[in-house]
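Sequence lines set the chain letters: A, B, ... in the order given, protein chains first and strands last, and positions in each chain run from 1. Everything quoted here is computed from the prediction, not taken from an experiment.
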Amino acid sequence: MMASRVVSLLSKRAISTSVCMRGHGVAKVEEYSLPSYFDRRESPLPDVRFLKHLTPEQQSLKAKEKGSWVALSNDEKVELYRISFNQSFAEMNKGSSEWKSVIGGILFFMGFTGFVVLWQKQFMYGEIPHTFSEDWISRQSQRMLDMRINPVEGFSSKWDYDKKEWKK
Amino acid sequence: MSGALAKPVMRGMLAKRLRFHLIAAFSLAIGIAATFKFAVAEPRKRAYAEFYKKYDAAKEFEAMREAGVFVSARPTGK
């Protein structure tokens, strides 16, 4: 303030630039850096009121609020609430049907992926290894039975070694 | 006051939630563990015990040898 008064004495120009009034080159305060209002269940009382600019009726209501609250009617109490808050807890916690769209979207894209995989099998992938041929698999299974792979609860336990066939 | 609502719950919300979830957590944990024990673990132990009661290691070895799976114990004969 002193600096601006000195400047006005030295030069007869009116102080119009806001930089001079705020101090030496202090940055302009952006709206997003000020405390903001939010509707959140876990922190019930935000730093600021919801409505920033009040109409004259709302301002007079705010003045009436300074007196005894018994004098306020129910509608005035609700109006005061709506000045301070955007959504009530009931409104902000209300569920929606969005989950149906989400599930639908998930399933749709999973289905689309099926088409992608089909295309890949048809046009992209090469031959599968020879070890998947029927002959190889049968010789491999015979060798597994010979080695008694998992004889207690697994592979070889399903084979009847006396009758030489799979157990029924 | 026209159509006044009931006074909402003001206190003890965490305690109530904790009581519910503690009971649920312990019962689920113990239940699942018991189910696994009696549905999987015990039958498996019994299966192994039964298998090895009648297991003749030498006979199995000879059978495997004849099938030709061993390198150092080739099939007998010829």
Side-chain angles (χ1 to χ4, degrees), chain A residues 39-45 64-65 68-82 84-85 87-95 131 135-168, chain B residues 1-22 24 32-78:
Chain A
D39 281 318
R40 230 172 274 153
R41 189 167 74 176
E42 50 273 2
S43 54
L45 297 173
K64 191 175 175 191
E65 194 192 12
S68 167
W69 287 346
V70 182
L72 296 168
S73 74
N74 276 357
D75 289 331
E76 286 175 331
K77 288 177 189 166
V78 172
E79 175 66 22
L80 282 167
Y81 182 88
R82 290 293 170 184
S84 298
F85 301 104
Q87 283 182 314
S88 69
F89 268 73
E91 286 162 8
M92 80 166 91
N93 292 339
K94 194 175 58 183
T131 53
D135 178 55
W136 190 281
I137 296 282
S138 64
R139 287 194 287 144
Q140 178 178 287
S141 309
Q142 181 59 59
R143 192 173 147 79
M144 282 168 74
L145 290 169
D146 292 340
M147 288 196 287
R148 310 295 193 269
I149 295 291
N150 287 337
V152 182
E153 281 189 321
F155 189 71
S156 303
S157 71
K158 308 282 190 276
W159 178 259
D160 191 338
Y161 282 95
D162 301 314
K163 293 201 209 107
K164 299 223 192 318
E165 61 183 11
W166 291 108
K167 286 181 187 167
K168 297 288 178 285
Chain B
M1 279 279 207
S2 56
L5 299 166
K7 183 169 175 179
V9 178
M10 304 290 262
R11 293 156 180 266
M13 289 169 267
L14 178 65
K16 180 170 157 213
R17 181 193 162 84
L18 214 50
R19 193 176 101 116
F20 174 79
H21 283 81
L22 272 172
I32 289 173
T35 306
F36 187 86
K37 181 181 171 70
F38 291 111
V40 178
E42 288 304 314
R44 190 169 285 166
K45 283 195 260 185
R46 260 181 277 127
Y48 272 77
E50 282 302 316
F51 178 82
Y52 281 109
K53 259 194 213 129
K54 302 182 217 101
Y55 186 67
D56 185 357
K59 178 161 153 270
E60 292 292 315
F61 168 73
E62 287 305 323
M64 282 196 260
R65 176 196 208 169
E66 296 313 314
V69 292
F70 294 128
V71 173
S72 311
R74 297 310 306 170
T76 59
K78 276 230 275 265

For the residue pair A/Leu80 and A/Ser84, establish whether any side-chain heavy-atom pair is separated by less than 4.5 Å.
no
Residues from residues 155-166 of chain A approaching chain B under 4.5 Å (heavy atoms)
none
Taking all non-hydrogen atoms of both residues, which atom of A/Phe89 and which atom of A/Pro44 are closest, and how far apart?
CZ-CB, 3.8 Å
In residues 58-71 of chain B, which residues are in contact with chain A at a heavy-atom separation under 4.5 Å?
B/Glu60, B/Ala63, B/Met64, B/Ala67, B/Val69
Counting only heavy atoms not in A/Lys167 (residues, nucleotides, ligands), do more than 12 fall under 6.0 Å from its NZ?
yes
State whether the number of non-hydrogen atoms from other residues, nucleotides or ligands found under 6.0 Å of B/Arg44 atom CZ is greater than 12.
no
Table please: side-chain donor-acceptor pairs of residues 9-22 of chain B below 3.5 Å, with sequence neighbours left out.
| unit_1 | atom_1 | unit_2 | atom_2 | d |
| --- | --- | --- | --- | --- |
| B/His21 | ND1 | B/Arg17 | O | 3.0 |

Please enumerate all residues that pass side chain to side chain contact (heavy atoms under 4.5 Å, CB included) together with A/Ser138, with sequence neighbours excluded.
A/Asp135
Between B/Glu42 and B/Lys45, is any pair of side-chain heavy atoms under 4.5 Å apart?
yes
Are A/Arg82 and A/Glu79 close enough, and set up right, to give a salt bridge (charged side-chain N to carboxylate O under 4.0 Å, His left out), and what steps lead you there?
CA-CA 5 Å; A/Arg82 290 293 170 184; A/Glu79 175 66 22; over 6 Å; no
Provide the closest heavy-atom pair for A/Met92 versus A/Asp39 in the form atom of the first, atom of the second, distance.
SD-C, 3.9 Å
